[in-house]
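Structure first, commentary second.
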Amino acid sequence: EMEGVQLTEEEVLLPSQRQEGTESLRWYLPGTTRESGKWVLIWSILPWSVFLFSREELRLQERKRQRQIQSQYPVILQKLSVFLGVGLSIQAAWERIVQTGDTKDPLIAEMRLTWIQMQNGTPLQEALHQFGHRARYSPLKRMTGMLSRNLRRGDEFLLERLQEMNQEAWEDYKKKVRVRSEEAQTKLLLPMFLTLGAILLMVAAPAMMSMQM
């Protein structure tokens, strides 16, 4: 088939069909088909890799957000109990917490969004319901449900119930901190053993070499 090759000053024109018959020809350099197949495989896997990586990144961000919400929940509940105890209304206490809180905190950010909804005319009970749904943390849903019931029919024991919830929240927070510290200590065991092994090897190696000599 190479007899049908045409030479020009700039390129080599290879025949596209066999001289005898209509079978088409495809020309390639040695190894190029394997390389092209490799790139096809890579480009087919890449979208799935990006999807899985993005999904894992979102999952890690959501886990971090939930940890921050859980750690700030006792503080928010304590502030709410104090402000309601001095005679502020639920909306006024909510506004005070938002104004004095850190806007970078995810729980304060959600409370700020709820406060904006209140300012724009959303009924307080509906705003509290949406807040509990967005937070996706059962103790917060319990707190907002208690506040909503107080708005509907009143609850003379609201402050006492909030204080009990606050005490439970702090006890639960202490347990979680204790568990995290134990997990951190467990994770440090492997580096400690590796370091100990390296030290023993550094000490024993010269002695073994001197014995062989």
Side-chain angles (χ1 to χ4, degrees), residues 41-84 90-152 158 161-192:
L41 179 62
I42 292 175
W43 283 109
S44 62
I45 295 176
L46 184 61
W48 287 101
S49 302
V50 173
F51 171 75
L52 294 176
F53 177 77
S54 302
R55 185 176 180 180
E56 182 66 17
E57 184 69 19
L58 291 175
R59 189 178 66 85
L60 292 176
Q61 291 179 359
E62 179 62 23
R63 182 183 298 179
K64 180 180 178 181
R65 175 179 176 272
Q66 286 298 319
R67 285 200 301 263
Q68 292 175 338
I69 288 177
Q70 293 174 12
S71 63
Q72 287 298 315
Y73 165 69
V75 180
I76 297 301
L77 189 58
Q78 185 176 20
K79 289 182 179 181
L80 185 63
S81 302
V82 171
F83 290 146
L84 293 178
I90 294 177
Q91 186 168 353
W94 199 278
E95 181 179 359
R96 184 69 62 86
I97 294 173
V98 170
Q99 291 177 348
T100 57
D102 185 4
T103 56
K104 296 181 180 180
D105 185 89
L107 185 53
I108 294 296
E110 294 293 344
M111 294 186 67
R112 181 176 180 81
L113 179 58
T114 302
W115 176 65
I116 293 174
Q117 290 177 330
M118 296 176 187
Q119 297 296 313
N120 293 334
T122 303
L124 183 55
Q125 294 184 28
E126 177 63 23
L128 291 174
H129 175 74
Q130 294 183 15
F131 167 77
H133 180 72
R134 290 195 308 271
R136 286 182 287 184
Y137 185 48
S138 54
L140 279 173
K141 291 182 179 180
R142 180 185 171 193
M143 182 193 75
T144 55
M146 189 178 300
L147 296 176
S148 298
R149 286 194 298 271
N150 179 73
L151 291 172
R152 286 197 307 269
L158 175 63
R161 298 180 191 276
L162 289 177
Q163 291 174 350
E164 291 176 359
M165 288 179 60
N166 185 28
Q167 185 175 0
E168 294 175 1
W170 280 113
E171 291 296 329
D172 185 61
Y173 177 73
K174 292 177 182 178
K175 291 180 181 179
K176 290 180 179 179
V177 171
R178 192 179 303 114
V179 170
R180 291 175 187 172
S181 63
E182 292 175 355
E183 291 178 351
Q185 293 177 2
T186 303
K187 292 179 180 179
L188 289 175
L189 289 178
L190 180 59
M192 290 174 61

- Sorted by chain and residue number, the salt bridge (Lys or Arg N to Asp or Glu O under 4.0 Å) partners of Arg67 (sequence neighbours excluded) come out as none

- Sequence neighbours left out, what passes side chain to side chain contact (heavy atoms under 4.5 Å, CB included) with Ala92? Give chain and number order. Leu88, Ser89

- Item | Gln167: partners by side chain to side chain contact (heavy atoms under 4.5 Å, CB included), with sequence neighbours left out | none

- Message: Which residue is it: Lys64, Glu57, Arg63? I am looking for the one with a side chain to side chain contact (heavy atoms under 4.5 Å, CB included) to Gln61.
- Response: Glu57

- Closest approach of Leu107 and Leu140, non-hydrogen atoms and distance? CD1-CD1, 3.6 Å

- Message: Would you compute the distance between atom CG of Leu113 and atom CD1 of Ile108 and round it to the nearest 0.5 angstrom?
- Response: 13.0 Å

- Message: Measuring from atom CE of Met118 to atom CH2 of Trp94, what distance do you get when rounded to the nearest 0.5 angstrom?
- Response: 5.5 Å

- Query: Listed by chain and number, what are the side chain to side chain contact (heavy atoms under 4.5 Å, CB included) partners of Arg142, not counting sequence neighbours?
  - Reply: Met165, Glu168

- Please lay out, stage by stage, how Thr103 and Val98 fare under the test side chain to side chain contact (heavy atoms under 4.5 Å, CB included). CA-CA 8 Å; Thr103 56; Val98 170; over 6 Å; no

- Output all residues satisfying side-chain hydrogen bond (donor to acceptor under 3.5 Å, both in side chains) with Gln70, sequence neighbours left out; order by chain, then residue number. Lys176

- Flag for Gln72-Gln68: side-chain donor and acceptor within less than 3.5 Å: no

- Message: Donor-acceptor check, side chain of Arg134 to backbone of Glu110, threshold 3.5 angstrom: yes or no?
- Response: yes

- salt bridge (charged side-chain N to carboxylate O under 4.0 Å, His left out) evaluation trace for Arg65 with Glu62: CA-CA 5 Å; Arg65 175 179 176 272; Glu62 179 62 23; 3.4 Å; yes

- Can you run down the salt bridge (Lys or Arg N to Asp or Glu O under 4.0 Å) pairs that involve residues 46-56, sequence neighbours left out, and say none if there aren't any? Glu56-Arg59

Could you tabulate the donor-acceptor pairs under 3.5 Å formed by side-chain atoms of residues 73-83, not counting sequence neighbours?
from	atom 1	to	atom 2	distance (Å)
Ser81	OG	Leu77	O	2.9

- Note on the structure: d(Leu151 CG, Ile90 CD1) to nearest 0.5 Å is 4.0 Å

- In this structure, CZ of Arg161 is separated from CG of Asn166 (nearest 0.5 Å) by 15.5 Å

- Item | Residue pairs fulfilling salt bridge (Lys or Arg N to Asp or Glu O under 4.0 Å) with at least one residue in residues 94-106, sequence neighbours excluded | none

- Message: For residues 102-125, which residue pairs pass the ring pair (Phe, Tyr, Trp, His ring centres under 6.0 Å) check, not counting sequence neighbours?
- Response: none

Pair up each side-chain donor or acceptor in residues 121-133 with any protein partner under 3.5 Å, not counting sequence neighbours, and list the distances.
from	atom 1	to	atom 2	distance (Å)
Thr122	OG1	Gln117	O	3.2
Glu126	OE2	Gln130	NE2	2.9
Gln130	OE1	Gln117	NE2	2.8

